[in-house]
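Chain identifiers are assigned alphabetically (A, B, ...) following the order of the sequence lines, protein sequences preceding nucleic acid strands; residue numbering begins at 1 within each chain. Both backbone and side-chain heavy atoms feed into the values below; hydrogens, waters and symmetry mates do not.
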Amino acid sequence: MIADCDYLLQALKAADIRSLQRPDLVHHHLLKLQKRFDVSRRRVQNRKRSVPAFGLPPELPITAKRQLIIDTIRKDQVVVITGETGSGKTTQIPKMCLAAGLGLRGIIGLTQPRRIAAVSIASRIASELGQLCGESVAYKIRFEEKTSAEPLIKVMTDGMLLAETVQDRDLLAYDTIIVDEAHERSLNIDFILGYLRTLLLKRNDLKLIITSATIDTAKFSQAFDNAPVIEVSGRMYPVEVRYRPIDPVREEKGETTYVDEAVACVEQLQQERRFEDILIFLPTEQDIRETCERLAKRCSGLVLPLFARLSAGNQRLVFSPASQQKIIVATNIAETSLTIPGIKYVIDAGLARILEYNPRSQTTGLPIKSVSRSSAEQRKGRCGRVQDGICIRLYSREEFADRPLYTTPEILRSNLAGVILRMLALNLGLVSSFPFIDRPHPKNIRDGIEILRDLGALTRDESDAETEHYKLTEIVRTMSQFPLDPRVSRMIIEAKQEGCLNEIAVIAAALSIQDPRERPYDKIDQAAAAHAQFQHPESDFLTYLQIWNRYSDSLEKMQSQGKWRKFCRDHFLSYRRMTEWRDIYHQILEIISGKNSAQKHRKPAKIEIDQTISDKIHRCILSGYLSNIAQKKEKNFYTAAKSREVMLYPGSGLFNRGGPWIVASEISLTSRVFARNAANIKSEWLEELGRDHCRYTHWAAHWEKNRGQVVALEKVILFGLTIVEQRTVAYEQINPEEAKKIFVREALVMGEVGRKLPFLEHNLSLWEKTKTMEDKLRKRGIAVDEEAIAQLYEQRLPLISDIRSLQKLIKDKGSDDFLRFREEDFIAHDPDPRELQQFPDQIKIGNAALACHYRFEPGLAGDGVTVSVPLGLVSKAASENIERHLPSLLQEKVFYMLKSLPKNARQKLPPLVQIAKIFSERATIADNSLPLALSKFLFH
DNA sequence: CTCTCCCTT
């Protein structure tokens with residue numbers, strides 16, 4: 001077997017090295033290898049013997065090419081086989097592989113996009129080999145595996161093969177892989193083909209067969225080194241195509257719609273007395289309902305709707321034989337997933353809802369778009385499988401020709417977070433260099449990485465700023481273990497922390513299935529009433545929990561499956577989806593508990609919902625859907641993160657009563673942008689959970705005397721939403737350097753501390769003294785300025801910005817000496833002491849000493865010197881001429897008095913400056929007032 | 001101011 005071969009090669013290499021040290025062990029080791037080799041060889045021989053005899057049905061077109069296919073498979077590593085449905089390729093190719101001698105050293109793996117198909121194909125191949133399913137032919141899908149010890153062929157979903165690559169990196173279990181329905185280009189198919197492109201270089205012995213509907217071959221061939229393409233004819237009966245375009249002018253005016261036209265088409269067929277079964281393709285559920293209602297009124301026959309959300313029972317009706325003409329009105333489900341036998345006419349509106357992901361707004365859209373030519377051809381092929389058919393297209397031949405040949409591969413229109421996460425877990429390198437057949441757009445990759453970063457699965461690698469290099473966080477590996485959307489996996493990780501794993505497992509599973517609630521048109525009110533009893537007014541997630549609770553309750557009481565089906569029917573719940581929900585729930589718990597199978601059959605316990613658990617649950621949900629938060633604008637309208645305007649989905653329990661903040665697990669664009677699966681949240685949680693994504697802005701930093709610290713106003717923004725409008729915060733942690741600057745300038749320099757600090761009083765009085773000199777001398781620049789003092793403090797203080805830290809510092813140092821400045825610290829330029837002497841601090845009037853207040857503020861009251869004279873001394877002060885005590889001011893005053901003399905008097909005098917100087921220097925004014933003394937002097 | 005195609009680990 002291939003896996004043994006790989007093992008033996010590795011072991012021999014290892015033995016080679018070991019033989020240098022312990023030759024005695026080598027012999028023993030080689031014996032063991034010999035044994036394994038023998039076992040392996042015997043297995044291959046047994047497998048060869050177990051290949052049953054089989055034939056190929058001669059009526060199938062592919063049988064004619066049997067020899068060409070077998071020869072090509074033997075010769076080439078990769079073969080592309082194309083053929084339309086009915087060619088028999090899916091069942092016959094695995095058999096031809098056996099005929100080519102494959103399937104012996106490893107299994108022939110056949111992948112299918114859908115589970116049901118995988119199971120039914122497995123049993124068909126088995127029966128053609130004359131066996132039961134699970135002998136030579138195994139199958140493996142999620143939750144279900146049927147196999148023997150030595151299967152030759154294994155049919156599985158493509159997702160399953162992908163999951164196997166985790167355990168079996170080189171797919172050593174297989175010697176052949178057949179990728180069926182490759183033209184569907186689902187995410188899984190593209191991922192597998194990319195993976196195989198690299199693997200085939202390493203595994204020369206591995207054969208790959210890609211099968212696809214006719215048109216899509218060149219791309220596959222090119223992707224695999226121009227692999228040979230074999231075409232197999234498929235069409236058994238001809239289909240006539242009629243174009244019946246809708247008049248665009250009338251459609252524009254609203255006079256007709258594709259629903260009208262489809263109904264008219266059926267009427268016309270019936271007028272032509274054509275009463276074989278009809279299949280109509282329409283894009284939406286609503287169109288289907290409208291069409292069905294109108295057809296029932298106007299036409300004969302059995303009118304049946306068909307879409308995925310329809311209950312299983314109603315879906316089955318399309319397969320049951322009817323005595324009258326069947327008119328099936330279907331969505332895309334009838335294009336690939338369900339094949340209805342005996343259709344003679346196809347009416348194709350040429351439209352479908354096609355998923356589109358917009359990475360810029362992280363919004364999923366489901367717009368109605370024209371389908372591709374290959375899709376239209378597939379629809380056409382739904383008739384004429386057992387007889388010739390007619391396909392009526394509600395568009396023109398030209399319009400058909402203008403359409404794109406293929407539907408855009410899913411990988412080009414999907415959210416890539418999940419793909420990227422898996423690639424990281426598998427160590428597949430950079431997404432941008434992975435050999436996808438169609439490389440996703442860089443913008444899409446960046447968005448996927450951004451989502452993973454939002455979830456905390458990745459952090460930017462700072463050592464490599466240039467390219468898209470990221471570091472994985474610890475949670476990546478845990479997250480990738482869950483077969484779930486990364487956001488859902490993230491919730492589970494948070495639930496471990498919060499201690500609500502069971503509850504989140506229920507919700508995570510619910511988010512992974514389609515809504516289990518059924519709403520049949522004819523019983524819409526009953527269904528609404530049944531669902532209403534589950535509805536939680538605060539959270540659609542808790543609504544799921546309440547459904548679950550009722551379910552587990554009933555599971556206790558009801559033992560039989562039949563009763564349980566009835567329970568589902570009574571509550572308008574889909575039995576199939578409820579089962580899927582339970583299975584995924586168990587799968588999640590299994591992964592968490594490390595595959596403990598004992599837990600598997602544990603009955604789900606009822607969950608009590610109280611405020612505590614509800615808070616925990618919603619914090620977990622937020623951890624996964626943080627970028628889906630929204631803030632209420634009005635009524636049902638919200639502004640969501642990343643600037644999206646959304647409306648609560650009318651089906652939500654929060655509709656018309658949503659709180660100021662919500663989180664939604666889905667924001668999608670249909671007729672509007674809707675937030676689906678929503679819950680009220682507390683905005684206080686947002687900052688804690690979104691810490692790394694919050695943007696903080698600060699302004700108005702200032703010293704706050706009462707708090708004794710520097711504070712600032714803060715605003716918190718998360719994904720563009722303001723989660724905290726304005727709050728006061730200590731500025732110290734935010735910007736310690738800036739905070740210290742403000743503390744020094746506003747608190748210490750200005751002395752605004754609001755309490756007694758001895759060093760501060762000391763410093764302030766020294767500074768005051770220095771500033772008095774300036775006032776006396778009537779010039780600036782003697783005292784240092786505020787900035788200089790601030791710098792003095794800054795030099796002597798560490799990074800602190802509050803009183804408590806300052807007081808602690810002083811206490812630790814034992815004194816505040818280090819903050820006491822000296823007198824000279826405040827002086828920028830020393831004043832002339834003699835000059836300074838001319839400005840006494842006080843003057844004497846009689847026996848009284850009066851204080852002089854100096855002020856240097858020209859133009860303002862109080863400029864110059866002010867002496868407050870008690871009322872009793874006023875006349876004495878006036879007669880004594882107090883100006884003589886202030887010699888520096890006297891001269892200036894005299895000068896201006898002289899200048900104010902009449903012009904003719906002034907002209908007779910010597911220069912005024914000279915007079916003022918001489919007058920001031922003489923003590924001639926002792927006993928007189930100044931004007932009197934001056935006039936005496938002049939006459940003298 | 002009221003509703004979404006189809007798959008899958």
Carboxylate-amine/guanidinium contact [X] [Y], below 4.0 Å:
X	Y	value
A/R294	A/E290	yes
A/K380	A/E335	no
A/R115	A/E144	no

Apply side-chain hydrogen bond (donor to acceptor under 3.5 Å, both in side chains) to A/R487 and list each qualifying residue two or more places apart in sequence or on a separate chain.
A/S627
Given protein heavy atoms under 4.0 Å, the one-letter contact record of nucleotides 2-9 of chain B, with B base, S sugar-phosphate only and - none, is simply BBBBSSSB
Test the A/R393-A/F400 pair against the cation-pi criterion, namely NZ or CZ under 6.0 angstrom from the six-membered ring centroid and within 45° of the ring axis.
yes
